[in-house]
Amino acid sequence: QVQLVESGGGLVQPGGSLRLSCAASGFSLDYYAIGWFRQAPGKEREGVSCISGSDGNTYYADSVKGRFTISRDNAKNTVYLQMNSLKPEDTAVYYCAADFRPWGITLTEWNNTEFNSWGQGTQVTVSS
């Protein structure tokens with residue numbers, strides 16, 4: 001059974017950093033794409049970043065490029081989202097999600113895929 005558990009959220013001042021973790025169980029990261037998504041109050045959910053399982057390709061939303069970095073530790077079956085230079089507009093509930101993609105995932109597919117499995121989310125608040 002695919003399970004995802006996010007952690008690492010919290011309150012941080014503008015310009016600060018946080019690292020989110022997505023602990024996966026029940027499957028191998030080698031065959032799944034893992035995406036980070038976020039949803040702010042009153043706004044639609046948006047894709048933040050994605051890492052492809054088979055080839056390790058990474059993708060980012062324009063709003064976070066250069067500030068966020070996605071990575072994975074296969075030994076721990078965990079995906080991370082390092083968030084630097086945080087801004088108040090980054091405030092949202094962050095979710096990780098998994099989709100079975102043994103052949104990898106492209107940028108277009110990430111933007112147009114409804115991921116199958118979701119974690120419970122972790123709150124990130126950027127405020128002074």
Side-chain angles (χ1 to χ4, degrees):
Q1 182 180 1
V2 172
Q3 287 191 322
L4 301 165
V5 178
E6 303 97 333
S7 61
L11 173 64
V12 63
Q13 291 187 341
S17 299
L18 282 175
R19 188 178 79 158
L20 304 184
S21 299
C22 174
S25 60
F27 67 98
S28 170
L29 292 178
D30 288 338
Y31 303 108
Y32 281 74
I34 303 295
W36 282 100
F37 300 81
R38 65 187 181 187
Q39 188 165 22
K43 295 187 176 181
E44 291 188 354
R45 187 179 66 203
E46 64 172 336
V48 175
S49 183
C50 180
I51 186 165
S52 180
S54 63
D55 52 25
N57 287 339
T58 58
Y59 309 105
Y60 299 92
D62 288 342
S63 59
V64 306
K65 278 181 183 176
R67 300 188 298 122
F68 290 11
T69 303
I70 192 169
S71 63
R72 68 184 182 189
D73 184 335
N74 282 12
K76 296 182 178 181
N77 226 36
T78 299
V79 174
Y80 303 98
L81 185 68
Q82 178 67 43
M83 305 187 296
N84 299 329
S85 302
L86 283 162
K87 305 175 181 180
E89 50 265 43
D90 294 318
T91 295
V93 178
Y94 284 70
Y95 301 89
C96 67
D99 200 67
F100 183 61
R101 295 275 173 171
W103 53 86
I105 191 169
T106 66
L107 176 61
T108 300
E109 288 170 335
W110 171 49
N111 287 326
N112 293 281
T113 294
E114 183 62 36
F115 279 52
N116 287 325
S117 301
W118 292 79
Q120 82 288 350
T122 186
Q123 176 71 46
V124 171
T125 302
V126 185
S127 175
S128 55

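Counting side-chain heavy-atom gaps under 4.5 Å among Ile, Leu, Val, Met, Phe, Trp and Tyr, Trp103 is found in no cluster with other residues.
Asp73 places no side-chain N or O within donor-acceptor distance of the main-chain N or O of Thr78, the cut-off being under 3.5 Å. Listed for the Ser52 side chain is no donor-acceptor partner under 3.5 Å among the backbone atoms of Asn57. Using a distance-only test at 3.5 Å, with no hydrogens or angles considered, a donor-acceptor pair links the side chain of Thr91 to the main chain of Val126.
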Donor-acceptor contacts, no H, no angles, side chain residues 92-99, under 3.5 Å, sequence neighbours left out:
residue	atom	partner	partner atom	Å
Tyr94	OH	Arg38	NH1	2.9
Tyr94	OH	Asp90	O	2.6
Asp99	OD1	Asn116	N	3.3
Asp99	OD1	Asn116	ND2	3.1
Asp99	OD2	Arg101	NE	3.0

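How far OG of Ser117 is from CD1 of Ile34: 8.5 Å, rounded to the nearest 0.5 Å. Atom CD of Gln82 and atom CG of Leu18 lie 8.5 Å apart (nearest 0.5 Å). One distance of note links CG of Leu29 with CG of Asn77; it measures 4.0 Å at 0.5 Å rounding. Interatomic distance, Trp110 CH2 to Tyr59 OH, rounded to the nearest 0.5 Å: 9.5 Å.
Put simply, Leu4 and Trp118 are part of two different groups of oily side chains (I, L, V, M, F, W, Y) that touch within less than 4.5 Å, one to the next. Tracing side-chain contacts under 4.5 Å through hydrophobic residues (I, L, V, M, F, W, Y), one never reaches Phe37 starting from Val124; they form parts of separate clusters. Note on Val64 and Ile105: separate hydrophobic clusters, where clusters join Ile, Leu, Val, Met, Phe, Trp and Tyr whose side-chain heavy atoms are under 4.5 Å apart, directly or indirectly.
Residues satisfying the disulfide bond (SG atoms under 2.5 Å apart) criterion with Cys50, sequence neighbours excluded, are absent altogether. Shown here are the side chain to side chain donor-acceptor pair (under 3.5 Å) partners of Lys65, two or more places apart in sequence or in another chain: Asp62. Taking the side chain to side chain donor-acceptor pair (under 3.5 Å) definition, one finds that Ser7 meets it with nothing, sequence neighbours left out. Partners of Asn74 under the side chain to side chain donor-acceptor pair (under 3.5 Å) rule, at least two apart in sequence or in another chain, are Asp30, Arg72. Under the rule for a ring-ring contact (aromatic ring centres under 6.0 Å, His included), Tyr80 has no partner lying at least two apart in sequence or in another chain. Residues forming a side chain to side chain donor-acceptor pair (under 3.5 Å) with Thr125 (at least two apart in sequence, or on another chain): Gln123. With sequence neighbours left out, the salt bridge (charged side-chain N to carboxylate O under 4.0 Å, His left out) criterion links Glu114 to Arg45. With sequence neighbours excluded, no residue satisfies ring-ring contact (aromatic ring centres under 6.0 Å, His included) with Tyr31.
Nearest approach of Leu81 to Ser49, heavy atoms of both residues: CD1-CB, 4.1 Å.
Contacts classified as side-chain hydrogen bond (donor to acceptor under 3.5 Å, both in side chains) and involving residues 8-25 (residues at least two apart or in different chains) are given here: Ser17-Asn84. Applying the salt bridge (Lys or Arg N to Asp or Glu O under 4.0 Å) test to every pair with at least one member in residues 80-89, sequence neighbours left out, gives no pairs at all.
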- Item | Test side chain to side chain contact (heavy atoms under 4.5 Å, CB included) applied to Phe100 and Val2, step by step | CA-CA 10 Å; Phe100 183 61; Val2 172; over 6 Å; no
- Item | Criterion side chain to side chain contact (heavy atoms under 4.5 Å, CB included) on Glu6 and Gln120, from CA distance to verdict | CA-CA 7 Å; Glu6 303 97 333; Gln120 82 288 350; 2.8 Å; yes
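Aromatic rings from Phe68 and Trp36 are positioned such that their centres are separated by 6.0 Å or more.
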